[in-house]
Asks: 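Would you mind keeping the following structure in view while I ask a few things?
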Amino acid sequence: MKKIAIMTTGGDCSGLNTVINRVVLGAKNRGWRVYGIIDGTDGLCHRPANVIEMNLDTVPIENARLAGSFLHNGNSCMMNFEKAIATGRMKEFNKMLHDSLAKLKLDALVLVGGNGSFSLAWLNRDVYRDLSLVCIPKTIDFDIPLTDRTIGFDTAVEQLTAYCDQILLTARSHHRWFVVQTMGRDCGRLALNSGIAVGADAILVPEIKFDVDELIRHIKSIERDYGIIMVSEGITLRGHSGRPADMIARKLTAAGITNRTAFPDYIQRTGDTAASDRILAAKMATCALNAIENNETYVMTALRGNDCVTVPLPDFYAAGDVRADPNIPAIKTSNAYIEPDDPLLKVAMEMNVYMG
Ligand code: F6P
């Protein structure tokens, strides 16, 4: 009988409870014991580690659709990678993590995280040397290389779509344009996908250079006096500071285009998990459990077409664009961005969407 644990790290998103529920379900079906680590690596820094044993009632099936993580994602009061690096205590921190995991005598750890967590896990891989480490990708940013989807992305697109559907009604009543700012950090996939879903007339993403005058000309050329301009939080405008949506809104106002800004903010990380994310969570949980059964380690589950496969963590790290993490510059994380051949860019062009 195997003994495994699951933990959720990084920013939350919808789908975490589904993946927890499905991992427990699949593990119990194999006759394994499952533990939940509370608050990610913070939980491992507690003495004793903050861990609970999980059964089918811990995250009941009717609650598996809810956003957030039943296991929590970390508490900034505790020791974490950021603080350990800032205070030069990385060695001590890694030892704390390793000792906690060793005491739990686990066969495997399922780490549900983002590109930061996976990069850190790979760079500090000695922490996980005595067990099988299997990572499941989740993030609304969809900025993880080598997978066709991350858990939480589709629900975030749904949330933004529902939000903009409502915004468009008030926009029409008042003959106004709305500049809607999405999350996504420095990856524009969330803005691009949700922009196409809502029928935005312009989508600005960090990966593509834009020209404000061209944007204004484009908006003025549209035979409608209202609509959505989707702006990713990662865009910059030379010589300007502040929130990207505000910067664009000021330019539109100066050009005589009536507009308002809208910030859906954290609702992008919430909402009942979309069916596609639940199916993805079930596929990834199954793939992770199979990987554990096959004694794989340092791997990430990845969606390839309709199938879920495992990819080695070193491949994940090497495949992305390795850059300094905005929150922890001392750490280099592996990132994915909109590719120039993304089919949605062509769709945007055909639909007369200004892409920048
Ligand atoms: O990485 C997920 C994400 O929601 C980003 O899109 C956003 O920039 C960031 O997290 C917000 O982080 P925090 O929860 O620290 O405000």
Side-chain angles (χ1 to χ4, degrees), residues 7-17 19 39-42 67-69 71-78 80-83 85-86 111-121 135-145 147 149-161 163-164 180-195 203-207 230-236 241-247 261-271 273-274 277 280 300 316 320-321 323-329 331-338:
M7 71 176 181
T8 50
T9 60
D12 70 348
C13 63
S14 200
L16 296 176
N17 287 324
V19 80
D39 269 327
T41 52
D42 292 359
S69 169
L71 296 172
H72 305 280
N73 286 59
N75 179 340
S76 51
C77 308
M78 286 296 297
N80 54 30
F81 278 106
E82 207 168 346
K83 282 188 191 160
I85 288 170
L111 168 61
V112 186
N115 61 358
S117 305
F118 298 173
S119 299
L120 283 163
C135 301
I136 296 184
K138 62 80 216 173
T139 167
I140 66 164
D141 304 339
F142 185 18
D143 56 356
I144 300 183
T147 180
R149 266 299 182 270
T150 55
I151 293 170
F153 179 75
D154 281 0
T155 307
V157 172
E158 288 292 344
Q159 289 288 96
L160 281 166
T161 305
Y163 180 92
C164 290
V180 178
Q181 183 175 309
T182 72
M183 284 188 168
R185 302 215 303 178
D186 56 350
C187 175
R189 285 171 164 175
L190 184 55
L192 174 59
N193 282 258
S194 52
I203 304 172
L204 305 184
V205 294
E207 291 91 337
M230 204 64 110
V231 169
S232 171
E233 67 176 352
I235 66 151
T236 52
S241 58
R243 297 185 295 185
D246 290 333
M247 298 189 299
T261 51
F263 297 88
D265 272 338
Y266 290 87
I267 67 143
Q268 292 163 85
R269 293 188 357 189
T270 66
T273 307
D277 268 329
L280 181 61
M300 172 186 95
F316 143 81
D321 190 338
R323 295 187 184 182
D325 185 272
N327 299 328
I328 323 175
I331 288 290
K332 302 253 183 300
T333 59
S334 175
N335 300 271
Y337 297 101
I338 298 173

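Start at 1 and go down the list; that is how both ligands and their atoms are numbered.
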Asks: Suppose we screen for side-chain hydrogen bond (donor to acceptor under 3.5 Å, both in side chains). Which residues come up paired with Asp141, at least two apart in sequence or across chains?
Replies: none
Asks: With sequence neighbours excluded, tell me which residues meet side-chain contact (heavy atoms from CB on, under 4.5 Å) with Glu233.
Replies: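 Result, side-chain contact (heavy atoms from CB on, under 4.5 Å) vs Glu233: Gln181, Met183, Arg185.
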Asks: Identify, with sequence neighbours excluded, every residue that meets salt bridge (Lys or Arg N to Asp or Glu O under 4.0 Å) alongside Asp143.
Replies: none
Asks: Pairing donors with acceptors under 3.5 angstrom, does anything connect the side chains of Ser14 and Thr273?
Replies: yes
Asks: Mind checking the OG-CE spacing from Ser241 to Met247? Nearest 0.5 Å is all I need.
Replies: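 Between atom OG of Ser241 and atom CE of Met247 there are 7.5 Å.
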Asks: Is a donor from one side chain sitting under 3.5 angstrom from an acceptor on the other, for Asn335 and Asn115?
Replies: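 Judged by distance alone, the side chains do pair up.
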Asks: What residues come within 4.0 Å of ligand 1, counting heavy atoms only?
Replies: Ile140, Asp141, Met183, Gly184, Arg185, Glu233, Tyr266, Arg269
